[in-house]
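Keep in mind that what you see is a predicted model, and the values were worked out from it rather than measured. Here is how names work: the chains are called A, B, and so on, in the same order as the sequence lines, proteins then strands, and each is numbered from 1.
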Protein chains: 2
Amino acid sequence: MSSASDAELAPLIRKLESIATLSDAARHAVCELPMSVRVLEPEHDIARDKEQPAHCCVVLTGWAYRYKLLNEGRRQILSFHVPGDVPDLQSLHLKVMDHSLATLTQCRLGFIPHESLHALCLHFPDAATALWRDTLVDAAIFREWMTGIGRRTAHGRIAHVFCEMYVKLNAVGLAENHRCLWPVTQVNIGDALGLSNVHVNRVMQDLRAQGMIGRQGRELIIHDWDALCALGEFDETYMHLERKAAA
Amino acid sequence: MSSASDAELAPLIRKLESIATLSDAARHAVCELPMSVRVLEPEHDIARDKEQPAHCCVVLTGWAYRYKLLNEGRRQILSFHVPGDVPDLQSLHLKVMDHSLATLTQCRLGFIPHESLHALCLHFPDAATALWRDTLVDAAIFREWMTGIGRRTAHGRIAHVFCEMYVKLNAVGLAENHRCLWPVTQVNIGDALGLSNVHVNRVMQDLRAQGMIGRQGRELIIHDWDALCALGEFDETYMHLERKAAA
DNA sequence: CGACCGTTTGATGACCGTCAATCAGGGTGG
DNA sequence: CCACCCTGATTGACGGTCATCAAACGGTCG
């Protein structure tokens, strides 16, 4: 456990400013939030279904994801999270977790007490607005995933998730030139999109064969952005970014 | 267009109090909100994708639903709404609609200007909390639908949506004894759950044949609540109700 | 170099979509 | 009062997308 510093909270500020406008006072107040930092190994739960956490978690480095478990080992991944995200922000007003939160890769995480966030919201209405707005964007992304899982083909779903994660990373300065780190396994993609890993594999081979995507070391390369967007019917409006993401 | 009165806003108060606690002052302030009332026929859009509404809409009577359209006429229904719901509350902080909102049945709707809601939130923090919480419960329901569409069988999904809507109606006093009005067509159910109307039909026949559900006039009857919950792996935790729903 | 994790491949078939008719009930008009 | 119509429910035939099971492969790391 260590204490927060301006540099530690930079990802959070960057993220909030990608979806909202903060006054100087609010930005400063956010930087002053007390935070304890911890490093967790890959595939470790941060918060579990049914728990009642007393703090929110900011992803500082690495990727995390939220998921629900069903009977017979079925699993649904609800979202992927990257630096700057606060994946359990909803716990501020929903006492009981209705899903779990885990690290995907090794992560540096910052934990901020609920009471500090409540105080922030009370004294800085535009900080409150930014956080509320963050949870609303979260919901907008759920809606988009829902329509993908419900009504898109496997090809469309997979194309869509690549587009979305690229834009998400690009918005916080962690990706450009249609390349980004891609630590998500095919099993993970399957659990996120309601597909089997086998089918994900076949579809991804297909996308590679068609020259839409490629891989270089640990990076995903999107060779044909327009084609991928068309295939996934991707339109970033639902992400509600304040600034335009670079194409 | 007419003006609001206490009686008009009763459904909203009831809904907010089903998921949050309001101070007397806040409850009073909500009742004082300016609202214009309109009646819309079934299957009429209330707000459309890409629009920038300037007010939120309270369902006073009737059912509404949100949906997204994709190419080739595919459609995903995102949620069903009943009296008390504010289906476009997210528009308070997300300027551009990323989906559409329509009436399912004939509806009496109350429209409240965004500016009035912003003022309410500024002056009554616990009203702000209740509204924020409402959008968070909304998101929690999206997550649940997502896992249903992604990982449940057609039988499970359909069972689940019956359980959910019954609990939702029961929470605002519009259903009891495992019966409720059911104006949702099989096509609607299909679009909500990522299924074809034909398949919905076959599964529902199956559920009827197994004695789990029935119909009486315009009412849905759940004959075997426990079996339906088990089939749909339904656990109402994710709805985050303040008071226990009657079983 | 062996173990492990993730990817890849093959074979089989179930679940569910599509297409196309038909049926049934409630509302309307002659 | 009944023919007509419209919407929604129902049925049948057929096939595709995708799941499942099982095994092999390959890169990475200790």
Side-chain angles (χ1 to χ4, degrees), chain A residues 41-44 63 65 70-77 102-106 147-159 181-209 213-220 231, chain B residues 41-44 63 65 70-77 102-106 148-159 162 181-209 213-220 231:
Chain A
E41 292 306 299
E43 295 296 344
H44 267 63
W63 288 43
Y65 68 100
L70 292 90
N71 298 335
E72 296 139 44
R74 284 168 301 150
R75 183 174 76 149
Q76 178 67 44
I77 289 181
T103 58
L104 184 70
T105 66
Q106 192 193 63
T147 93
I149 298 171
R151 289 304 187 202
R152 277 194 256 267
T153 64
H155 282 76
R157 287 181 228 179
I158 292 176
L181 277 178
W182 190 260
V184 187
T185 69
Q186 295 182 353
V187 173
N188 290 331
I189 298 178
D191 282 343
L193 303 181
L195 297 167
S196 70
N197 58 338
V198 174
H199 202 60
V200 170
N201 180 271
R202 287 179 172 135
V203 172
M204 283 183 60
Q205 288 181 53
D206 218 41
L207 298 183
R208 276 194 300 252
I213 59 171
R215 163 150 269 215
Q216 190 172 314
R218 302 185 147 135
E219 279 200 325
L220 168 72
L231 181 58
Chain B
E41 293 305 300
E43 294 297 344
H44 267 63
W63 288 43
Y65 67 101
L70 292 88
N71 298 335
E72 297 138 45
R74 285 167 300 150
R75 182 174 75 147
Q76 177 67 45
I77 291 182
T103 57
L104 183 70
T105 66
Q106 191 194 62
I149 299 171
R151 290 303 188 202
R152 277 193 257 265
T153 65
H155 281 76
R157 287 180 228 180
I158 292 177
F162 286 146
L181 277 179
W182 190 260
V184 188
T185 69
Q186 294 182 354
V187 173
N188 291 331
I189 299 179
D191 282 344
L193 304 181
L195 297 167
S196 71
N197 58 340
V198 175
H199 201 62
V200 170
N201 181 272
R202 289 181 169 131
V203 171
M204 282 183 61
Q205 288 183 53
D206 217 43
L207 298 183
R208 276 194 302 254
I213 59 172
R215 164 151 268 214
Q216 189 172 315
R218 303 187 146 133
E219 279 200 324
L220 168 73
L231 181 58

DNA chain D: 5'-proximal contact among T153(A) and E43(B) (nearest heavy atom): E43(B)

Exercise answer: donor-acceptor pairs, residues 192-202 of chain A side-chain atoms, under 3.5 Å, sequence neighbours excluded:
{"from": "S196(A)", "atom 1": "OG", "to": "H199(A)", "atom 2": "N", "distance (Å)": "3.2"}
{"from": "N201(A)", "atom 1": "OD1", "to": "Q205(A)", "atom 2": "NE2", "distance (Å)": "2.4"}
{"from": "N201(A)", "atom 1": "ND2", "to": "Q186(A)", "atom 2": "OE1", "distance (Å)": "2.9"}

Partners meeting side-chain hydrogen bond (donor to acceptor under 3.5 Å, both in side chains) with T185(B) (sequence neighbours left out): N188(B)

Reported OG1-to-CG distance for the pair T153(B) and L231(B), which is rounded to 0.5 angstrom: 6.0 Å

Check: R152(B) and L70(A) side chains under 4.5 Å, non-hydrogen atoms: yes

First-last contacting nucleotides on DNA chain C - partner chain B, under 4.0 angstrom, heavy atom: dC16(C) to dC19(C)

Bend angle of the helix from dC1(C)-dG30(D) to dG30(C)-dC1(D), end axes from five pairs each (to 10°): 30°

Student check: side-chain heavy atoms of E41(B) and T103(B) closer than 4.5 Å: no

Sugar-phosphate only, base, or nothing, as touched by R208(A) at under 4.0 Å among non-hydrogen atoms: sugar-phosphate

Minimum side-chain heavy-atom gap R157(B)-I189(B) below 4.5 Å: no

By salt bridge (Lys or Arg N to Asp or Glu O under 4.0 Å) - contacts of E219(B) (at least two apart): R179(B)

Residue met sooner reading DNA chain C from 5', once N201(A) and G194(B) are mapped to nucleotides: N201(A)

Q76(A) CD to I149(B) CD1 distance, which is reported to the nearest 0.5 Å: 9.0 Å

Donor-acceptor contact below 3.5 Å, side chain R151(B) vs main chain R75(A): yes

Contact interval (first through last nucleotide) of DNA chain D with protein chain B, 4.0 Å heavy-atom: dG8(D) to dA13(D)

Touch class at under 4.0 angstrom, heavy-atom based, for T185(A) against every strand present: sugar-phosphate

Check: L220(B) and R215(B) side chains under 4.5 Å, non-hydrogen atoms: no

salt_bridge(D191(A), R74(A)) N-O dist < 4.0 Å: no

Closest-nucleotide 5' rank along DNA chain D - winner of A154(A) and R218(A): A154(A)

Sugar-phosphate only, base, or nothing, as touched by R215(B) at under 4.0 Å among non-hydrogen atoms: nothing

